[in-house]
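Chain letters run A, B, ... following the sequence lines, proteins first, then strands; residues in each count from 1. Since we're looking at a predicted model, the values are computed, not measured.
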Amino acid sequence: MRYYAQYHESGKLIAIGTGNGGTEITEEEYNRLLTEIRTKATLVDSLYNGEITIDSVPAQWQDEIQRRVDERIAAEGEAAEQDISAEEALEIILGGAV
Amino acid sequence: MSVQTQIDRISGAVSAALAALEEKGVEVPAGTKVDGLAALIAAIEAGGGGGGDFLYGTITPTETTRYIDAPADYERNMAAFVEVGMDIESVGAKCCISDHNKNLENRFMYYGTQLKYTTADNSTVFNSIGGTRFLSPSSDNNSYFQAGKTYMYVLFKA
């Protein structure tokens, strides 16, 4: 299996994968990057949803995670402002939740 | 047969082997010599890549993005993406076959066992905007390529 890393022209890592193309990397590097990519994605979700604070994010990742959360807020709005289903709204009105 | 003739014969054979590997979809670094052949051949035997009329592999974006550039050969003019682990038997599975030379035209969506043709205003997940870039048709973040999710792609000739 061939593993690769794909970079933007600026040098920023934008994707990893298997198969042809990109810059070949080892399986170990691929697995390390995959873990890091998924951990960061989870941190972005958690920070966006207010489940954690930025202090819970490793220092070397804080700038990136905060940027991605800010971009998501700009695109989707605050998590608390997300549309809710009619069922959720009814439950709130009737006093079943919150 | 002279030494030079033997050298020419072997050199020609190595060049032919490298060309054949490229036809198989293996990326051959410039300047590869005969001692690099074994590793390149192993890349075929290890699976992945394809060759000839199609190439395949996986791609995992580092950040959620509306578009993604296919990492491999740019001569294929159709592509399919499916999220690894997605149950493609369920309706709405995120899989799209797109003719990436025709922008928003002639796209197919694979739902379960049916291959359906969709029009430009239908809800396909990933479209091509030409070249090797594939784009979600919607500005809805949920339709984008998601950070950390692995997508299998196939690039093939029409």
**Item:** Results of side chain to side chain donor-acceptor pair (under 3.5 Å) for A/Asp70 - residues two or more places apart only
**Value:** A/Gln66

**Message:** Test of understanding: with side chain to side chain contact (heavy atoms under 4.5 Å, CB included), list the residues that count as partners of A/Thr23, not counting sequence neighbours.
**Reply:** A/Tyr7

**Request:** Indicate the atoms forming the closest heavy-atom contact of A/Ala15 with B/Thr62, along with that distance.
**Result:** N-CG2, 3.8 Å

**Item:** Rounded distance (nearest 0.5 Å) linking atom OG1 of B/Thr58 with atom CD1 of A/Ile16
**Value:** 8.0 Å

**Request:** Please name the pair of heavy atoms, one in B/Ala147 and one in A/Ala41, separated by the smallest distance, quoted to 0.1 Å.
**Result:** O-CB, 3.7 Å

**Lys/Arg-Asp/Glu bridge criterion (N-O < 4.0 Å) met for A/Arg72, B/Glu63** = no

**Message:** Using only non-hydrogen atoms and a strict under-4.5 angstrom cutoff, which residues of residues 24-38 of chain A touch chain B?
**Reply:** A/Tyr30, A/Leu34, A/Ile37, A/Arg38

**Prompt:** With the 4.5 Å side-chain cut-off for hydrophobic clustering, are A/Val69 and A/Val57 part of the same group?
**Reply:** yes

**Complete:** Residue set satisfying salt bridge (Lys or Arg N to Asp or Glu O under 4.0 Å) with A/Glu64, at least two apart, ordered chain then number -> A/Lys40, A/Arg68

